[in-house]
Amino acid sequence: MENKIEYKDIVAILIKESGFKNQKEMVSHLSKWLHCTETAVYNKLNDRSKFTVEELVIICFKLQISLDSIIYNSHVKSAKVNFFADGLKYKPRHFDDYINNIIGYYTKIKQLQNVKGFFLANEVPLFHFLHFPNLMYLKLYIWNKINWKIPGISDAYRFADFKNNHSLKQSIAVLRDLFHSFPNVEIWNPNMLENTISQFLYLKDVHIINDKDDLYYLKKEFEDLVTYLEELTLTGKKLANSKGQEMECNIYITDLTLGSEVILVKSDQSDMLFQQIDVPNYMQTTDQKMIKNQYDFFENIRKISTFITHAGEKERLIFFARMRQELKKL
């Protein structure tokens, strides 16, 4: 009977993956999408009547979840996992597109209750670069060079274009505020700054970055970034968001090489997993089996890592001394 699919299981998974704050909100949206009464939706959710195949397709399309993920997730032993890869869907038309796409995810995340983020980082997470405009432009420039190749964006390194792009700066400010609106746990690697340093040195050596001001401010922001990261471990708090809230940020460190970067978001309503596949793009899934697997993996790594927020003074000092030693390459 392993192939038997129970309607109640399908509905339960649909509710879990919908991401709505409560059933009332879900019923309101579904009644509009399906052009039926709220009572009819309640009946379908409570097995007094049933969703048609056409209705399930509409719901999945609106929620951007996969119908077959609902079917296969009704079997605990299924190994099928559905990921959505934005990098396959479209290339950014400009830098704003990339940032605004992340804002779309984080706006949805902010609406959830008891949200907490878990970051497994081999490289400094993007969200920490948002405080440093020169470093942020460096990352956008290199990502465009190795991946996007956006038409109309010059091959020349022109920080002034970034500095004068008010819509991009506004998007970065919005994303920064969203990131500061929920607590998270991060596991860092002591080599996590080396990739960005090597990118800077490459662009410097081939004279793509040759302006004295660019060189000066990039080096300064590298130093400021390390100071900012160290401050996170000392305070255990992110910088205040627009509402004056300071969210908890707990940091662990490990010498293990952990593979691709993983971001896991858990909440009372739904969970999301983001995994980097083609830098800087992520694949994302709401598949509960995959999320549980990755969360268990995260917890296993955390248990053998060193906690350096308000603790682990010796390990913390060694970690940042090593990072500042890397800055001497600049």
Side-chain angles (χ1 to χ4, degrees), residues 64 81-107 117 119-165 167-176 178-179 188-189 191-211 214 218 221-222 225 257-265 272-285 294:
Q64 294 189 357
V81 178
N82 287 282
F83 278 89
F84 290 85
D86 290 327
L88 295 177
K89 185 169 62 176
Y90 69 94
K91 295 286 186 181
R93 297 162 298 175
H94 37 70
F95 294 152
D96 306 44
D97 270 357
Y98 176 72
I99 300 297
N100 289 335
N101 186 55
I102 302 176
I103 287 173
Y105 286 120
Y106 273 68
T107 299
F119 291 71
L120 200 55
N122 272 333
E123 186 175 357
V124 177
L126 157 70
F127 306 96
H128 297 311
F129 285 113
L130 298 173
H131 299 279
F132 306 98
N134 284 273
L135 289 176
M136 189 69 244
Y137 175 68
L138 171 69
K139 301 305 287 187
L140 290 170
Y141 178 89
I142 203 76
W143 293 337
N144 186 57
K145 184 177 182 65
I146 65 175
N147 192 336
W148 303 327
K149 299 187 181 298
I150 301 172
I153 291 185
S154 173
D155 289 336
Y157 191 91
R158 298 199 300 219
F159 174 72
D161 291 348
F162 174 91
K163 184 178 180 180
N164 296 325
N165 189 331
S167 64
L168 177 56
K169 289 167 65 177
Q170 178 61 30
S171 293
I172 288 174
V174 170
L175 182 56
R176 186 171 60 232
L178 287 169
F179 176 66
W188 293 351
N189 183 286
N191 301 313
M192 68 180 191
L193 195 55
E194 287 185 4
N195 188 47
T196 304
I197 290 175
S198 67
Q199 290 168 348
F200 166 73
L201 292 176
Y202 170 80
L203 296 177
K204 176 186 173 185
D205 289 345
V206 298
H207 302 291
I208 289 177
I209 301 178
N210 53 30
D211 182 85
D214 288 336
L218 277 166
E221 286 191 5
F222 269 112
L225 172 62
T257 300
L258 302 173
S260 61
E261 181 173 309
V262 173
I263 302 173
L264 177 60
V265 179
M272 300 180 75
L273 172 69
F274 299 85
Q275 185 148 10
Q276 200 166 74
I277 182 67
D278 57 329
V279 179
N281 300 320
Y282 290 85
M283 300 190 304
Q284 68 91 4
T285 186
Q294 287 294 293

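Bear in mind the structure is a predicted one, so any value in this text is a computation, not a measurement. Any value given below was found using the heavy atoms of this structure, including those in side chains, with hydrogens, waters and symmetry copies removed.
- No donor-acceptor distance shorter than 3.5 angstrom exists from the side chain of Lys169 to the backbone of Asn164, with no hydrogens or angles considered.
- No donor-acceptor distance shorter than 3.5 angstrom exists from the side chain of Tyr98 to the backbone of Lys91, with no hydrogens or angles considered.
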Problem set entry | Asp211/Phe159 under side chain to side chain contact (heavy atoms under 4.5 Å, CB included): CA gap, chis, key distance, verdict | CA-CA 10 Å; Asp211 182 85; Phe159 174 72; over 6 Å; no
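- In this structure, the separation between NZ on Lys145 and OH on Tyr202 is 5.0 Å, given to the nearest 0.5 Å.
- Atom CD1 of Ile153 is separated from atom NE2 of His94 by 9.0 Å, given to the nearest 0.5 angstrom.
- Atoms CG and CG, on Asn147 and Asp278 in that order, are 5.0 Å from each other to the nearest 0.5 Å.
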For this session: Quick one: do Lys139 and Glu123 satisfy side chain to side chain contact (heavy atoms under 4.5 Å, CB included)? Show the steps, please.
Result: CA-CA 12 Å; Lys139 301 305 287 187; Glu123 186 175 357; 2.5 Å; yes
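- Side-chain N or O atoms of Asn191 include none that pairs as donor or acceptor with a backbone N or O of Glu194 at under 3.5 Å.
- For Phe222, the ring-ring contact (aromatic ring centres under 6.0 Å, His included) criterion is met by Phe200, not counting sequence neighbours.
- Checked against side chain to side chain donor-acceptor pair (under 3.5 Å), Asn100 has the following partners two or more places apart in sequence or in another chain: Ser171.
- A 4.5 Å side-chain heavy-atom check between Phe119 and Phe127 finds at least one atom pair inside the cut-off.
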Exercise. Under the side chain to side chain contact (heavy atoms under 4.5 Å, CB included) criterion, do Val124 and Thr196 qualify, and how do the steps go?
Worked result: CA-CA 8 Å; Val124 177; Thr196 304; 5.6 Å; no
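- Nearest approach of Phe274 to Met272, heavy atoms of both residues: CZ-CE, 3.7 Å.
- Considering only heavy atoms from C-beta on, Ile172 comes within 4.5 Å of Arg176 through its side chain.
- Evaluation of the side chain to side chain donor-acceptor pair (under 3.5 Å) rule for Tyr157 yields no partner, not counting sequence neighbours.
- You'll find the side chain of Val262 reaches within 4.5 Å of the side chain of Leu273, heavy atoms only.
- How far CD1 of Ile150 is from CG of Asn144: 4.5 Å, rounded to the nearest 0.5 Å.
- You'll find the ring centres of Phe95 and Phe162 outside the 6.0 Å limit.
- Taking the side chain as every heavy atom from C-beta outward, Ile102 and Leu178 never approach each other to under 4.5 Å.
- Taking the six-membered ring where the residue is Trp, Trp148 and Trp143 present perpendicular rings, their angle passing 60° and hence far from 30°.
- Shortest non-hydrogen contact noted between Ser198 and Asn195 is OG-O, 2.7 Å.
- Counting non-hydrogen atoms of neighbouring residues, nucleotides and ligands closer than 6.0 angstrom, the CD1 atom of Ile277 reaches no more than 12 such neighbours.
- The backbone N or O of Arg158 sits less than 3.5 Å from a side-chain atom of Tyr137, completing a donor-acceptor pair.
- A donor-acceptor pair under 3.5 Å is absent between the side-chain atoms of Asn122 and the main chain of Glu261, judged by distance alone.
- In this structure, Asn210 and His207 approach most closely via the heavy-atom pair ND2-O, 3.0 Å.
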